[in-house]
Amino acid sequence: MSGIEGKVIAITGASSGIGEDAARELARRGARVVLGARRTDRLQQLVAGIEAAGGTARQRALDVTRLDDMQAFVEFATAEFGRLDVIVNNAGVMPLSPLAALKIDEWNQMIDVNIRGVLHGIAAALPVMQMQGGGQIINIASTAGHRVWPSASVYCATKHAVLAISEGLRQEHDNLRVTVVSPGVTTSELAETTSDAGIRAWLEDFRQVAIPAEAIARAIAYAVEQPDDVDVSEIIVRPAASPN
Ligand SMILES: NC(=O)c1ccc[n+]([C@@H]2O[C@H](COP(=O)([O-])OP(=O)(O)OC[C@H]3O[C@@H](n4cnc5c(N)ncnc54)[C@H](OP(=O)(O)O)[C@@H]3O)[C@@H](O)[C@H]2O)c1
């Protein structure tokens, strides 16, 4: 199946920011979207909005740190629509702090959501896609997968890991399209996961140039809409006004 129309697309972390806008954009272009996150009130509102606009959407509570939950999410998508064409592993958190602050719980949270969450998405979707004879896995990394900033070491490490995992996955499969979308600073709720007051103030300034989440949604749609034999391996989308 080429293009976007009719594809079954599961999106993790669809309750805000990039995931929410990707859901709207893909549904507007005819995809059947299956949306997961922990804040189901947000997902319900989003599904209602998509369906009111003539689209097709479903939602299910999802914690990407739990493999069983991710498997149930993918099973829900296939039970609703009979197949899974694309999974967008988008859920992420970014509690930044200097390493010396020893916010070890936050390091673990980033590892659990940003790395394990992506691996769980792959583990849940890959068997379904192999059985179907193809599919597409889109992992949301970051420009933080390409460089490192002080106070962002662990976050950057998780995004470097997403790039490495995606590249390995791509090389291991001929009938699977693997795409990394690496956003630069984008308007969303991501900075709210940072608890360090000093870093939050710095982030406010750093994020002044943010581009709207629709820009990342369009990049995701571009990767999806290519013909089956074309794998857009990575797209970096950043503010024109940002050196990062
Ligand atoms: N915004 C940027 O500047 C930027 C730049 C580069 C990369 N990114 C990446 O883009 C992705 C989306 O982030 P965003 O910017 O759109 O931020 P956001 O508005 O904070 O969205 C993050 C999403 O992840 C979900 N999430 C967090 N923990 C989860 C968990 N355990 N299980 C399921 N869902 C979980 C959140 O939903 P619930 O809280 O409802 O579960 C939310 O829907 C992330 O991977 C982020 O690292 C963002």
Side-chain angles (χ1 to χ4, degrees), residues 10-25 33-47 59-74 87-96 105-106 108-121 124 138-147 149 152 154-163 165-166 179-194 203-217 219-220 234-239 241-242 244:
I11 305 174
T12 73
S15 58
S16 63
I18 292 167
E20 178 180 350
D21 277 15
R24 277 209 196 87
E25 175 71 8
V33 295
V34 182
L35 311 176
R38 294 164 304 172
R39 289 172 295 174
T40 50
D41 52 332
R42 295 274 200 108
L43 293 180
Q44 279 158 11
Q45 277 175 23
L46 179 58
V47 165
Q59 61 87 22
R60 188 188 186 284
L62 169 66
D63 181 344
V64 299
T65 66
R66 291 180 40 205
L67 176 60
D68 59 344
D69 215 17
M70 185 68 90
Q71 285 167 329
F73 176 62
V74 166
I87 186 165
V88 184
N89 290 310
N90 164 73
V93 290
M94 190 187 69
L96 302 184
D105 287 349
E106 294 187 349
N108 287 333
Q109 191 198 358
M110 282 186 275
I111 292 164
D112 284 345
V113 177
N114 301 1
I115 304 179
R116 284 205 177 84
V118 169
L119 286 169
H120 291 163
I138 301 179
N139 297 326
I140 307 303
S142 171
T143 49
H146 290 271
R147 56 160 298 183
W149 291 269
V154 179
Y155 180 72
C156 293
T158 65
K159 295 303 185 177
H160 279 70
V162 171
L163 282 165
I165 291 162
S166 306
T179 300
V180 177
V181 177
S182 287
V185 183
T186 303
T187 303
S188 77
E189 298 174 15
L190 193 67
E192 291 171 25
T193 56
T194 290
L203 269 175
E204 212 161 295
D205 187 47
F206 185 77
R207 296 178 67 79
Q208 292 285 334
V209 294
I211 50 175
E214 300 100 83
I216 314 303
I220 294 169
E234 187 179 4
I235 307 177
I236 302 180
V237 185
R238 49 161 68 93
S242 170
N244 302 303

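The model shown is predicted, which means the values in this text are computed figures rather than measured ones. Atoms within a ligand are numbered from 1 in the order they appear, just like the ligands themselves.
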| Passing option when H146 is tested against H160, K159, E234 for side-chain hydrogen bond (donor to acceptor under 3.5 Å, both in side chains) |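 That would be E234.
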
Is [X] reaching over with its side chain to a backbone N or O of [Y], donor-acceptor style, under 3.5 angstrom?
{"X": "R238", "Y": "G184", "value": "no"}
{"X": "T12", "Y": "A91", "value": "yes"}
{"X": "T193", "Y": "M94", "value": "yes"}

| task | Please report the closest heavy-atom contact between R60 and D69, naming both atoms and the distance. | result | NH1-OD1, 3.4 Å

| request: Would you please write out the protein residues whose heavy atoms approach any atom of ligand 1 to under 4.0 angstrom, listed by chain and number? | output: G13, A14, S15, S16, G17, I18, A37, R38, R39, L62, D63, V64, T65, N90, A91, G92, V93, V113, I140, A141, S142, Y155, K159, P183, G184, V185, T186, S188, E189, L190, R207

| field | Nearest-0.5 Å distance, CD of residue E214 to CD1 of residue I216 | value |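 Taking CD in E214 and CD1 in I216, the distance rounds to 10.0 Å.
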
